[in-house]
Amino acid sequence: MSKSKQKDGFFKDAQDVARLIPKGRVSTYGAIANYLSSAKAARMVGWAMNAASNDASVPAHRVVNRIGMLSGKNHFETLSRMEELLLKEDTKVKDGQIVDFEKLFWDPILELTGVDPYPKKS
DNA sequence: ACACTGACCACTG
DNA sequence: CCAGTGGCCAGTG
């Protein structure tokens, strides 16, 4: 990061995927991580967002944890910044959680590859 | 160069 | 059902 050129890596990819999230939709760290590598790299996605917090082109506010909670709001300029940004995009937020999260959920795997990562329960 | 940490998730017991 | 633990990648001390 400090270097002018960013080597291709998880960060770059995660930020790139974040930019693909349509306005008014939200995604999760795990989904993005799973799309890039595995769900276990979810932590890095959050970190990538933090690294990109200076980059306004990366809608980090559209990325929440798996239960639709604004877990990363503490890393924004202000605690209410993330929620405000979401509300501006018609994304309802209630008590720190995305309303109708299931409907607004944008899964890169499902949307970009067409493969349903969540096989129906047996 | 080693160890630890981090906006998380899924699997085990 | 709740608690515990491993794991992923990159950056920092």
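Convention: sequence-line order gives letters A, B, ...; per-chain numbering from 1. Only a predicted model underlies this, so the values are computations on that prediction, with no experimental measurement involved.
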Suppose we screen for side chain to side chain contact (heavy atoms under 4.5 Å, CB included). Which residues come up paired with A:Asp13, at least two apart in sequence or across chains? A:Leu36
Residue set satisfying side chain to side chain contact (heavy atoms under 4.5 Å, CB included) with A:Ser38, at least two apart, ordered chain then number -> A:Lys40
When rounded to the nearest 0.5 angstrom, what is the spacing between CD1 in A:Ile21 and OG1 in A:Thr28? 9.0 Å
Using the C1' atom as the reference point in each nucleotide, state the distance between C:dA3 and B:dA7 in Å, no decimals. 23 Å
Counting any heavy atom closer than 4.0 Å, what does A:Asn50 reach on the DNA or RNA strands: base, sugar-phosphate only, or nothing? base
Which atom pairs link the protein and nucleotides 5-7 of chain C when you take only N or O atoms and keep those under 3.5 Å?
residue, atom, partner, partner atom, Å
C:dG7, O6, A:Arg43, NH1, 3.1
C:dG7, N2, A:Lys40, O, 3.1

A:Trp47 CH2 - C:dC9 P separation (whole Å): 13 Å
In this structure, how many angstroms lie between the C1' atom of B:dC8 and the CZ atom of A:Phe10, rounded? 11 Å
Establish, with yes or no, whether the OP1 or OP2 oxygen of B:dC8 is under 4.0 angstrom from a side-chain nitrogen or oxygen of A:Ser71. yes
Report the nucleotide, chosen from B:dA7, B:dA10, B:dG6, that has the shortest atom-to-atom distance to any side-chain atom of A:Ala60. B:dA7
List for me each residue that meets side chain to side chain contact (heavy atoms under 4.5 Å, CB included) alongside A:Arg19, sequence neighbours excluded, and say none if there are none. A:Gln15, A:Asp16, A:Asp55, A:Ser57, A:Val58, A:Pro59
Separation of A:Lys12 atom NZ from C:dG11 atom P, in whole Å? 13 Å
Expressed as a whole number of angstroms, how long is the span from A:Met44:CE to B:dA10:P? 15 Å
Check every atom of B:dC8, C:dC9, B:dA7 against the side chain of A:Asn65 and return the nucleotide holding the closest atom. B:dC8
Just to verify, what does A:Lys23 make a side chain to side chain contact (heavy atoms under 4.5 Å, CB included) with, not counting sequence neighbours? A:Arg62, A:Glu89
Between CG of A:Leu36 and C1' of B:dC8 the distance, given in whole Å, is 14 Å
Using distance only, find each side-chain donor-acceptor pair of residues 42-52 of chain A under 3.5 Å and give its atom names and separation, not counting sequence neighbours.
none

